[in-house]
Structures are given as C-alpha cells and as structure tokens.
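Written out below as structure tokens is the structure these notes cover.
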Number of protein chains: 2
Amino acid sequence: MSAYAALAEPHRRQILDLLLDGERPAGELVEHLGLSQPGVSKHLKVLREAGLVAVRTEGRQRVYALRPEPLVEVDRWLEPYRAFWSKRLDALERHLEENP
Amino acid sequence: MSAYAALAEPHRRQILDLLLDGERPAGELVEHLGLSQPGVSKHLKVLREAGLVAVRTEGRQRVYALRPEPLVEVDRWLEPYRAFWSKRLDALERHLEENP
DNA sequence: TGCTCATATTTCCATATGGAAATATGATTT
DNA sequence: AAATCATATTTCCATATGGAAATATGAGCA
C-alpha cells in the first residue's frame, strides 16, 4: 500500500502522531486508540508495509517507531502545490493593499 | 471524503498535477488519464466533495481548477514530521563527518 | 514442560471503492 | 423543436476495507 493510501485512515494518522513523541510498544497504542487489539495490529501491519513504521522485538513486547521516509516523498509531492497557494495568498494580499 | 482519502487514489493525484498547469475542461483530463469519461467524472466528483477542485461552467464545458486549501491542511499535518526527519538527517551527517 | 503475557493472524460481515457500460442531463447549434 | 456535444449519473460487478470476535504464535516465567 502506498503512503498516501496508508494515511487515508484516521486511526493510522493517529498512530503516527503518537509515535512522534517516541517509540511505543503496541499495547500502549491500543490503549490510546480505543480500538480492539486486533484492529490496531492490522493498522500497524499496513503502516509497516508502507514503510511508515519499524518494529523491534523487546522481550515480549513489539516496540514501534516512526520511519518518516515515505512522508518525505509526500512532502516532495506537495512542493509545487506550495508554490501554487503562496502565489494565491500573495494575490490576495495585493488585493487587500490596493483596496483597503 | 477527507483530503487524505481523496489523495489515496493515484488517478486523482494525477488530475491535481494536471491542474497545477492551469484550469482545464473535463474532456482534456479524460484525454490525459486514459480512463473512461465516466470514470474521470467520478474522480472529479470526489475531488469536488473534498474541496480540492472547483468547477465553472463555460458553454457546454465544465472547467476544473485546483483549490489548494485542503492541501494546506495536509501540509500543516506534515509540519512536525519535517522536524522529525531533519533531526534524523542531521544525526546522519554528524555520523558521516565523524567517520569519514 | 506447562502457563501467561503481548501481539499477530484468521474469520466473518457489512460497507466502500474503482472501473466499464449504459443512460440521463443541460447547453448549444441547426 | 430536434440533433449534437460535453459531462454527469446510474447500474453492475469484482475486489478491498475496517471492525469485532475467535484463535494462533512466540517469548519469558513457574
């Protein structure tokens, strides 16, 4: 699954947001999400396959960490759009200056 | 549908990319996409509902234009992740300097 | 070895999705 | 008003998706 498709699901974005604060074992993610354990595990699988998270086994726990590389790609895709909307904002500013 | 979900489909991203160059009538998008006309029309509907495009009727044509606002939201969501990966790249750089 | 904890996988179900084909709509031309 | 052009909507189908419940796996412990 592509990074874009992985990000389409709100719970998966929430998982990534949680991992921004640092790595966490799967169980901790389950606590925060209010989803069933198997449900979270499925989402983690999708995120793994999209390369958005990495797992490490530590004792009986599976510790998940953020892998931002696929997001870099999304960020690059957005690049030309940033030019587009800042152009628009500039035009708005000029308009406001000329019509105060 | 959320902007994220709208972006999950490659053809829809392609449509947005085409609109970066300027507005275009639906038919022109059909030509470029190699999809059936109804197929493209469905994707356009999704993009409309996600607020990613605007339509204007011009004679018998329907001219589509990019509306970047929802992408700004995605860009904002990405913001903290940028800090995350640049931190990582910095660490890599230091490593390379110290181990040339 | 048997037991328990943490997590993954499987199964089932209802719903959503994308594509192709057919049809409908609305504006322009004749 | 009828015909035509551009596009939207509907219908059908196969496949994907997310969630809940049940089950399986694998590591550490008694």
Side-chain angles (χ1 to χ4, degrees), chain A residues 1-19 21-67 70-71 74 77, chain B residues 1-19 21-67 70-71 74 77:
Chain A
M1 176 162 341
S2 78
Y4 298 95
L7 295 180
E9 221 287 322
H11 287 128
R12 289 198 289 262
R13 292 199 298 280
Q14 203 183 336
I15 290 176
L16 297 180
D17 288 343
L18 287 166
L19 294 179
D21 293 338
E23 23 174 58
R24 295 174 188 262
E28 212 168 303
L29 297 170
V30 173
E31 283 175 30
H32 280 84
L33 287 180
L35 264 185
S36 69
Q37 179 269 317
V40 174
S41 191
K42 264 199 203 172
H43 286 308
L44 287 171
K45 182 178 191 171
V46 172
L47 291 171
R48 259 182 278 136
E49 289 175 355
L52 282 160
V53 299
V55 218
R56 176 167 52 85
T57 302
E58 188 164 309
R60 355 181 164 176
Q61 310 204 118
R62 307 275 252 147
V63 179
Y64 280 85
L66 186 60
R67 271 209 36 189
L71 294 179
V74 174
W77 181 79
Chain B
M1 175 162 343
S2 79
Y4 298 95
L7 296 180
E9 221 287 324
H11 287 127
R12 289 198 288 262
R13 292 199 299 279
Q14 204 183 335
I15 289 176
L16 297 180
D17 287 344
L18 287 166
L19 294 179
D21 294 338
E23 23 174 57
R24 296 174 189 263
E28 211 169 300
L29 297 169
V30 173
E31 283 176 29
H32 281 84
L33 287 179
L35 264 185
S36 70
Q37 180 268 317
V40 174
S41 190
K42 266 200 202 173
H43 286 307
L44 288 172
K45 182 178 192 172
V46 172
L47 290 171
R48 260 182 279 137
E49 289 174 354
L52 281 160
V53 299
V55 218
R56 176 167 53 86
T57 302
E58 188 165 310
R60 359 183 160 175
Q61 310 206 119
R62 308 274 251 144
V63 179
Y64 280 85
L66 187 59
R67 271 209 35 191
L71 294 179
V74 174
W77 179 80

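Below, chains carry the letters A, B, ... as their sequence lines are ordered, and counting in each starts from 1.
A heavy-atom distance below 4.0 Å to DNA chain D is reached by these residues of residues 24-33 of chain B, ordered by number: B:Pro25, B:Ala26, B:Gly27. Near DNA chain D, defined here as any heavy-atom distance below 4.0 Å, there are no residues from residues 46-53 of chain B.
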Mind listing the side-chain donor-acceptor pairs of residues 51-60 of chain B below 3.5 Å, one per line with the distance, residues two or more places apart or on another chain?
residue : atom : partner : partner atom : Å
B:Arg56 : NH1  : B:Glu58 : OE1          : 2.3
B:Arg56 : NH2  : B:Glu23 : OE1          : 3.1
B:Arg56 : NH2  : B:Glu23 : OE2          : 2.4
B:Thr57 : OG1  : B:Arg62 : NH1          : 3.2

> Along nucleotides 23-30 of chain D, 5' to 3', which nucleotides get a B, which get an S, and which get a -, given that the test is a protein heavy-atom distance under 4.0 Å?
Replying inline: ----SSS-

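Note that CG of A:Leu44 is 9.5 Å distant from CD of A:Gln37, once rounded to the nearest 0.5 Å. Of the inter-residue distances, the one linking B:Tyr64 atom OH with B:Leu29 atom CG reads 8.5 Å to the nearest 0.5 angstrom. How far CD1 of A:Ile15 is from CG of A:Leu66: 11.5 Å, rounded to the nearest 0.5 Å.
A residue-by-residue look at B:Val40 and A:His43 shows that B:Val40 has its nearest nucleotide of DNA chain D further toward the 5' end. Mapped onto DNA chain D by nearest heavy atom, A:Gly34 and B:Lys45 fall at different nucleotides, with B:Lys45 at the one closer to the 5' end.
At whole-Å resolution of the value, CZ in A:Arg56 and C1' in C:dT7 are 15 Å apart. When rounded to the nearest whole Å, the span between NE2 of B:His11 and P of C:dG18 equals 11 Å. Rounded to a whole Å, the CZ atom of B:Arg62 is 8 Å from the P atom of D:dT9. Distance CG (B:Leu35) to P (C:dG19): 5 Å, rounded to an integer number of Å.
Of the listed nucleotides (D:dA6, C:dA8, C:dA20), D:dA6 has the atom at the smallest distance from the side chain of B:Gln61.
Sorted by first and then second residue, the pairs that involve residues 25-49 of chain A and meet salt bridge (charged side-chain N to carboxylate O under 4.0 Å, His left out), not counting sequence neighbours, are A:Arg24-A:Glu28. Applying the salt bridge (charged side-chain N to carboxylate O under 4.0 Å, His left out) test to pairs two or more places apart or on separate chains, none has a residue in residues 5-18 of chain A.
OP1 or OP2 of D:dA8 has at least one side-chain nitrogen or oxygen of B:Tyr64 nearer than 4.0 Å. Within the 4.0 Å cut-off from OP1 or OP2 of D:dA20, at least one side-chain nitrogen or oxygen of A:Ser36 is found.
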Tabulated below should be each protein N or O lying under 3.5 Å from an N or O of nucleotides 11-17 of chain C; please produce it.
residue : atom : partner : partner atom : Å
C:dT11  : O4   : A:Lys42 : NZ           : 3.4

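Between B:Ala65 and B:Leu19, the shortest heavy-atom contact is C-CD1, 4.1 Å.
At least one side-chain heavy atom of B:His43 sits under 4.5 Å from a side-chain heavy atom of B:Leu35. Inter-residue side-chain proximity for A:Trp77 and B:Leu7 is flagged as met; some heavy-atom pair is nearer than 4.5 Å.
Applying the side-chain contact (heavy atoms from CB on, under 4.5 Å) test to A:Ser2 and every residue at least two apart in sequence or in another chain returns A:Tyr4, A:Ala5.
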